[in-house]
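Worksheet: one structure, shown below.
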Amino acid sequence: MDSQKSIGGARVPQRRRGRERVASLLDAAAACFVEKGYDAATMTEIAARAGAAIGSLYQFFPTKEALAQALMGDYADALQQRLHKLAERAEAWDSGQLATELIGLLVAFRRRHPAFVVLAETVASLPALRSLAIRQRLRGELQSLLGRHAPDLTAAELQAAAVVVLQLMKAGVALNAEPGLSGRRAALEQLQQALMLYLRALTEPR
């Protein structure tokens with residue numbers, strides 16, 4: 001039997017076989033959340049989709065909330081890493097290129113991990129997801145990135161700027177995800193322009 005420890009209600013396996021089983025369960029949960037929504041998806045459906053016994057699912061994730069929390073934690077880690085890599089290259093970019101990269105990063109992440117948006121929109125009914133902590137981590141990474149782009153800003157100004165930039169990036173995701181949206185490309189271009197102007201204003205002498 002896999003040696004395990006518990007984090008946030010979910011059991012974290014220490015052996016490879018257990019980690020592979022957990023990855024399969026998380027993939028199945030993500031697919032069910034995208035197809036049916038968080039509220040409608042059931043643990044029975046998730047286990048069946050993973051080809052696992054329901055007891056195996058409950059062994060690692062005692063509740064659906066624990067499953068969602070584990071997924072959001074994984075997504076936050078991956079997004080934070082992408083922001084960090086982007087920050088390493090951002091010093092050489094002007095405001096236009098930085099705006100393009102920031103919007104593109106979140107749109108591409110949403111496309112690769114559609115359950116991320118589903119769960120982010122369900123946060124109000126999932127207080128245990130620690131969504132505030134996740135947002136703070138992402139804002140902290142953005143604050144570091146913006147500090148390289150606009151080194152003259154104070155810590156308080158960078159903190160506020162990180163909040164604004166994250167909201168604009170999320171707007172880009174919403175525009176890209178809205179089904180049947182007329183004029184999507186033009187709207188995304190205008191949003192990117194707005195972000196570029198905002199980033200440029202951060203670097204102007206005050």
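Please read all numbers here as calculations on a predicted model, not as lab measurements. Note: hydrogens, waters and symmetry copies are ignored here, and every other heavy atom, side chains too, is used.
The aromatic rings of His113 and Tyr75 are tilted relative to each other, their planes meeting at an angle between 30° and 60°.
Remark: the backbone N or O of Tyr38 is paired with a side-chain donor or acceptor of Lys64 at under 3.5 angstrom. Within the 3.5 Å criterion, the main-chain N or O of Cys32 finds no donor-acceptor partner in the side chain of Glu35. Checking side-chain atoms of Lys85 against main-chain N and O of Gln80 turns up no donor-acceptor pair under 3.5 Å. Proximity of a side-chain donor or acceptor of Arg184 to a complementary backbone N or O of Leu175 within less than 3.5 Å is detected.
You'll find the side chain of Leu195 stays beyond 4.5 Å of the side chain of Gln192, heavy atoms only. Using a 4.5 Å heavy-atom cutoff, the side chains of Ile46 and Phe61 are not in contact. No side-chain heavy atom of Leu106 sits less than 4.5 Å from a side-chain heavy atom of Asn176.
Contact detail for Ala171 and Leu191: the closest heavy-atom pair is C-CD2, 3.7 Å. When all heavy atoms of Met43 and Leu67 are compared, the closest pair comes out as SD-CD1, 3.7 Å. Of all the heavy atoms in Pro151 and Arg148, the pair that sits closest is CD-O, 3.8 Å. Shown here for Phe109 and Ala78, the closest heavy-atom pair between the two residues is CE1-CB, 3.8 Å. Nearest approach of Gly37 to Val118, heavy atoms of both residues: CA-CG1, 4.5 Å. The two residues Phe33 and Ala41 have their closest heavy-atom pair at CD2-CB, 3.7 Å.
The hydrophobic clustering, which links ILVMFWY residues whose side-chain heavy atoms are closer than 4.5 Å, places Leu26 and Tyr58 together. By the criterion of side-chain heavy atoms lying less than 4.5 angstrom apart, applied directly or through intervening Ile, Leu, Val, Met, Phe, Trp or Tyr residues, Leu188 is grouped together with Leu181 in one hydrophobic cluster. Side-chain heavy atoms closer than 4.5 Å link hydrophobic residues (I, L, V, M, F, W, Y) into clusters, and following such links, possibly through other members, connects Phe60 to Ile54.
To the nearest 0.5 Å, atom CE of residue Met196 and atom OG1 of residue Thr100 are 9.0 Å apart. One distance of note links CD1 of Ile103 with NZ of Lys170; it measures 12.5 Å at 0.5 Å rounding. Taken to the nearest 0.5 Å, the CG atom of Leu153 stands 8.0 Å off from the CG atom of Leu146. Between the CG atom in Leu199 and the CG atom in Leu98 there is a gap of 5.0 Å [rounded to 0.5 Å]. Rounding to the nearest 0.5 Å places CG of Leu145 at 10.0 Å from CZ of Arg89. Between the CG atom in Leu102 and the CG atom in Leu142 there is a gap of 6.5 Å [rounded to 0.5 Å].
Within a 6.0 Å sphere centred on CD of Gln159, heavy atoms belonging to other residues, nucleotides or ligands number 12 at most.
Judged by distance alone, the side chains of Ser144 and Glu141 never bring a donor and an acceptor atom under 3.5 Å apart.
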Item to check | Test side-chain contact (heavy atoms from CB on, under 4.5 Å) applied to Thr203 and Asp152, step by step | outcome: CA-CA 8 Å; Thr203 65; Asp152 293 334; over 6 Å; no

Item to check | Phe116 and Met72: CA distance, side-chain angles, deciding distance, side-chain contact (heavy atoms from CB on, under 4.5 Å) verdict | outcome: CA-CA 7 Å; Phe116 175 72; Met72 284 296 283; 4.1 Å; yes

Checklist entry - Should Asp94 and Gln97 be marked as a side-chain contact (heavy atoms from CB on, under 4.5 Å) after you check the CA-CA gap, both sets of side-chain angles, and the distance that decides it? => result CA-CA 6 Å; Asp94 61 17; Gln97 187 170 1; 3.5 Å; yes

Next on the checklist: I'd like to know whether Asp27 forms a salt bridge (Lys or Arg N to Asp or Glu O under 4.0 Å) with Arg49, so could you lay out the CA-CA distance, the side-chain angles of the two residues, the decisive distance to 0.1 Å, and finally the verdict.
Outcome noted: CA-CA 9 Å; Asp27 287 345; Arg49 191 180 192 104; over 6 Å; no

Checklist entry - Going through the distances and angles, do Arg21 and Gln59 end up as a side-chain contact (heavy atoms from CB on, under 4.5 Å)? => result CA-CA 11 Å; Arg21 189 181 311 162; Gln59 176 188 5; 4.0 Å; yes

